[in-house]
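Side chains included, hydrogens not; waters and symmetry mates left out as well; all remaining heavy atoms used. Residue numbers start from 1 in every chain, and the chains themselves are labelled A, B, ... in the order their sequence lines are given, proteins ahead of strands.
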Number of protein chains: 2
Amino acid sequence: MFSKTSKYAIRAILYLATREDPEQKVGSKSLANALDIPIYFLAKVLQDLVWKDIISSAKGPGGGFYLSEENRKNSITDVLTAVEGAEIFRGCVLGFPTCSEKNPCPLHTQLFSYREGLRYQLNHININDMADRINRHNLKI
Amino acid sequence: MFSKTSKYAIRAILYLATREDPEQKVGSKSLANALDIPIYFLAKVLQDLVWKDIISSAKGPGGGFYLSEENRKNSITDVLTAVEGAEIFRGCVLGFPTCSEKNPCPLHTQLFSYREGLRYQLNHININDMADRINRHNLKI
DNA sequence: CAAATAAAATACCTATTTGTCTTTTATTGC
DNA sequence: GCAATAAAAGACAAATAGGTATTTTATTTG
């Protein structure tokens, strides 16, 4: 449904969000290890996320990746749009060129409400909320 | 949301389904022309769909692609799974390895109903239904 | 049968995504 | 200042998706 890059990004962020000490920094290797993601690939994804202000990082000994208070206010949608671009949530599900509310494609009406629901959910849960839920229910990332 | 191959496939099938004469055969060139899809690429997609029994074809003069009665009973889900494989409708939206009803990923509960709704819609409208709707409302493919 | 037609098969090419590895730069602690 | 650490940056390699072109095979029609 989403690219591997997006999936890796979200899992990494949720992993960081659920550390006991919120400012505790985690290196790319231990992150990759914990989440079973190719190390070098994850490192690149993380760097990109830092550049896009979705996560934070510190160089040198004791350094690594972490989430600032600001970072934690982001929604999953924020992460997804940063990684994949804004078009994912716009545009016709099936790629019909002329699809819109006024000029709907053959599937528009049937799919619209569900797609909007999905979007709403992803847009209204921020990283903090997710971390709370994960810790409360002891969910696996 | 889906690959270009899937989008092209669905549009081509709906185009065939909405021809006046249901057994009327349409060549790959005129299909590609009508739908504004790269000719050779569409031709390959169509051949693949024939091989997978999603559409039908006839060689030689007057030949081309068409939909049999059986073909028309397929749902959009049938087309999508034939093209992309069954995993699209299984598997966690965000790629969490262990996600299931009993062991849900952090997003499972929030997204489940919407995703199921999407799946249900795509699964319960067959090509015939779609063609009817398109013709009734004069929708563009 | 011969010519025309159109799908099927095949061979490539290009771009993007995913994945790997090495070098550079910044930071920390002795 | 020096050594160790860890992110940043950059260069590639492999796999997949998307796209183009040519040759082969089957069918129809005169």
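With a 4.5 Å cut-off on side-chain heavy atoms, Phe96(B) and Ile141(A) count as touching. With a 4.5 Å cut-off on side-chain heavy atoms, Leu80(A) and Ile10(A) count as touching. In this structure the side chain of Asn71(A) never reaches within 4.5 angstrom of the side chain of Ile54(A), judged on heavy atoms. Here the side chains of His137(A) and Arg133(A) are in contact, with some heavy-atom distance below 4.5 Å.
Taking Tyr8(B) as the reference, Phe41(B) meet the ring pair (Phe, Tyr, Trp, His ring centres under 6.0 Å) condition, with sequence neighbours excluded. Tyr40(A) is linked by a ring pair (Phe, Tyr, Trp, His ring centres under 6.0 Å) to nothing, counting only residues two or more places apart in sequence or in another chain. The side-chain contact (heavy atoms from CB on, under 4.5 Å) search around Ser113(A) returns none, not counting sequence neighbours.
Relative to the six-membered ring of Tyr15(B), Arg19(B) meets both conditions, a distance below 6.0 Å and an angle of at most 45° to the axis. In this structure, Lys7(B) is not positioned above the aromatic face of Phe2(B) in the sense of NZ or CZ being under 6.0 Å from the six-membered ring centre and within 45° of the axis.
Near DNA chain D, meaning a heavy atom under 4.0 Å away, the residues from residues 38-53 of chain B are Pro38(B), Tyr40(B), Phe41(B), Lys44(B). For the segment residues 27-37 of chain B, the set of residues with a heavy atom within less than 4.0 Å of an atom of DNA chain D is empty.
Boundaries of the chain B contact region on DNA chain D are dG18(D) to dT28(D), first to last in 5' to 3' order (nucleotide atom under 4.0 Å from a heavy atom).
Protein atom NZ of Lys59(A) is 6 Å distant from nucleotide atom P of dA26(C), rounded to whole Å.
Atom CG of Asp21(B) has more than 12 heavy atoms from other residues, nucleotides or ligands within 6.0 Å.
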